[in-house]
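We use all heavy atoms of the structure for the numbers below, so side chains are in, but hydrogens, waters and symmetry mates are not. On a predicted model such as this, the values are computed, not experimentally measured, just so you know.
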Amino acid sequence: MEKSFGDLKALKDISFEINKGEIVGFLGPNGAGKSTTIEILTGQIERDSGELEVLGQDPEDDPVELRSRLGILPEREDPPSFLTGREYFEFISDIRDEEVDEANWIERLHLEGKLDKLTHNLSKGERQKLMIVQAFFHKPELVFIDEPMTNLDPVIQEEVKQIFDDHSETIFLCTHNVNLAEEVCDKVFFIKNGEVVEEIEDTQNLREKFLNNYDY
């Protein structure tokens with residue numbers, strides 16, 4: 001598929017395939033086209049050309065229905081500032097028609113004493129935790145994640161990795177963090193300047209492979 005924004009060629013005929021149950025890394029430097037790819041795959045924006053199938057359907061045919069089957073963790077998005085954390089959980093429960101297991105998420109993400117505060121009074125890391133909950137709580141078939149560790153302390157980062165491991169379905173992880181991709185991914189696609197330049201199924205020593213061969 002391809003995508004341009006004016007004269008900027010954001011994606012240049014990229015092509016890849018992922019299998020059910022895999023944690024797939026989409027690894028590349030800032031500006032490589034990772035976030036644009038997620039927005040197209042989740043039906044948020046339209047591609048310019050190319051064929052595409054996500055969970056058996058074209059995202060542009062019925063993006064609302066498709067997103068009901070997905071979890072999405074954007075890179076730069078916060079819960080509504082006028083809601084408390086608990087109200088936000090009620091809000092996403094209503095949208096998904098699925099109850100949030102508050103006790104489980106409070107324990108896993110160390111949210112004790114945080115849910116009755118307005119979200120704009122929470123730290124960036126605490127708001128990121130709420131966004132992680134909204135991506136995973138309803139047990140989606142496929143989860144798209146863009147730089148999940150932003151603003152999280154090392155303890156919570158380890159818990160998030162465990163959440164990935166516990167999740168039985170497919171995860172599409174966009175990141176520029178080579179260490180994270182090496183640790184959690186089953187395979188990795190490397191994207192650079194809007195092109196998928198390599199697929200790697202052996203994710204050991206990713207840092208050495210990339211830094212020896214690519215100019216970040």
Margin query: Keeping T170 on the side-chain end and L142 on the backbone end, is there a donor-acceptor pair under 3.5 Å?
Written below: no

Checklist line | Atom pair CG/CD of D62 and Q57 - distance to nearest 0.5 Å | finding: 6.5 Å

Checklist line | Any donor-acceptor N/O pair, R127 side chain to P79 backbone, under 3.5 Å | finding: no

Next item on the list: Can you see which heavy atom on L173 is nearest to which on C185, and at what distance?
Entry: CD2-SG, 4.0 Å

Item checked: Atom pair CG/CE of D146 and M131 - distance to nearest 0.5 Å -> 11.5 Å

Checklist line | For the student: nearest non-hydrogen atoms of K129 and L109, plus distance | finding: NZ-O, 2.9 Å

Name each donor-acceptor pair under 3.5 Å that joins a side chain in residues 157-164 to protein atoms two or more places apart or in another chain, with its distance.
unit_1: Q157; atom_1: NE2; unit_2: L152; atom_2: O; d: 2.8
unit_1: E158; atom_1: OE2; unit_2: K161; atom_2: NZ; d: 3.0
unit_1: E159; atom_1: OE2; unit_2: R108; atom_2: NE; d: 2.7
unit_1: E159; atom_1: OE2; unit_2: R108; atom_2: NH2; d: 2.7
unit_1: K161; atom_1: NZ; unit_2: E183; atom_2: OE1; d: 2.8
unit_1: Q162; atom_1: NE2; unit_2: D166; atom_2: OD1; d: 2.8

Item checked: Heavy-atom side-chain proximity of C174 to E147 below 4.5 angstrom -> no

Check: In Å, rounded to the nearest 0.5 Å, how long is the span from CZ of F89 to CD of Q134?
Finding: 10.0 Å

Next item on the list: Go through the structure and list residues passing side-chain hydrogen bond (donor to acceptor under 3.5 Å, both in side chains) with E141, not counting sequence neighbours.
Entry: R69

Next item on the list: Kindly compute the distance separating CG (D116) from CD (E87), expressed to the nearest 0.5 Å.
Entry: 8.5 Å

Checklist line | Main-chain N/O of K192 paired with E195 side-chain donor or acceptor, under 3.5 Å | finding: no

Next item on the list: Check whether any side-chain heavy atom of F137 sits under 4.5 Å from a side-chain heavy atom of D101, and report yes or no.
Entry: no

Checklist line | Distance-minimising heavy-atom pair for P140 and A135 | finding: CG-O, 3.4 Å

Notebook entry, point to check: So, do L122 and L130 sit near enough that their side-chain heavy atoms are less than 4.5 Å apart?
Noted result: yes

Notebook entry, point to check: Can you tell me how far CG of D61 sits from CG of D58, rounded to the nearest 0.5 angstrom?
Noted result: 4.5 Å

Checklist line | Criterion salt bridge (charged side-chain N to carboxylate O under 4.0 Å, His left out) against K187, the qualifying member of E22, E198, E182 | finding: E22

Next item on the list: Please name the pair of heavy atoms, one in V143 and one in I145, separated by the smallest distance, quoted to 0.1 Å.
Entry: CG1-CG1, 3.6 Å

Item checked: Expected output: side-chain E60 to main-chain R47 donor-acceptor under 3.5 Å -> yes

Check: Has the side chain of K20 got a donor or acceptor atom that lies under 3.5 Å from a matching backbone atom of L55?
Finding: no

Next item on the list: Begin from the C-alpha positions of K3 and I45 and carry the test side chain to side chain contact (heavy atoms under 4.5 Å, CB included) through to its verdict.
Entry: CA-CA 10 Å; K3 181 65 181 179; I45 61 174; 4.2 Å; yes

Checklist line | side chain to side chain contact (heavy atoms under 4.5 Å, CB included) between V184 and D165, intermediate numbers included | finding: CA-CA 8 Å; V184 305; D165 190 57; over 6 Å; no

Check: Same cluster for V196 and I171 if Ile/Leu/Val/Met/Phe/Trp/Tyr side chains link at under 4.5 Å?
Finding: no

Next item on the list: Answer yes or no: is there a side-chain heavy-atom contact under 4.5 Å between F26 and I191?
Entry: yes

Check: Any sub-3.5 Å donor-acceptor pair from H110's side-chain atoms to E126's backbone N or O?
Finding: no

Notebook entry, point to check: With distance as the sole test, does D186 use its side chain to make a donor-acceptor pair with the main-chain N or O of I23 at under 3.5 Å?
Noted result: yes

Next item on the list: Determine the minimum heavy-atom distance between P59 and L41, stating which atoms define it.
Entry: CG-O, 3.4 Å

Check: Given the rule that I, L, V, M, F, W and Y join up when any side-chain heavy atoms are under 4.5 Å apart, are F172 and L73 in one cluster?
Finding: no

Notebook entry, point to check: From E102 CD over to S93 OG, what is the distance, rounded to the nearest 0.5 angstrom?
Noted result: 8.0 Å

Note to self: According to a hydrophobic-cluster definition based on side-chain heavy atoms being under 4.5 Å apart (Ile, Leu, Val, Met, Phe, Trp, Tyr only), do I132 and L115 belong together?
What the structure shows: yes

Note to self: Between Q128 (side chain only) and S123 (backbone N and O only), is there a donor and an acceptor less than 3.5 Å apart?
What the structure shows: no

Item checked: Whether over 12 other heavy atoms sit under 6.0 Å from E98 CD -> yes

Item checked: More than 12 heavy atoms from other groups under 6.0 Å of CD on E65 -> yes

Contacts table for residues 7-17: side-chain donor-acceptor under 3.5 angstrom, sequence neighbours left out:
unit_1: K9; atom_1: NZ; unit_2: E2; atom_2: OE1; d: 3.2
unit_1: K12; atom_1: NZ; unit_2: N193; atom_2: O; d: 3.2

Margin query: Applying a strict under-4.5 Å side-chain criterion to I, L, V, M, F, W and Y, I'd like to know whether Y88 and F82 cluster together.
Written below: yes

Check: Is there a path of hydrophobic side-chain contacts, each under 4.5 Å between heavy atoms of I, L, V, M, F, W or Y residues, that connects F5 with M1?
Finding: yes

Next item on the list: Apply side chain to side chain contact (heavy atoms under 4.5 Å, CB included) to D97 and H138, showing your working.
Entry: CA-CA 9 Å; D97 195 26; H138 57 298; over 6 Å; no

Next item on the list: Walk me through it: do L83 and L118 pass the test side chain to side chain contact (heavy atoms under 4.5 Å, CB included)?
Entry: CA-CA 5 Å; L83 297 178; L118 290 173; 5.8 Å; no

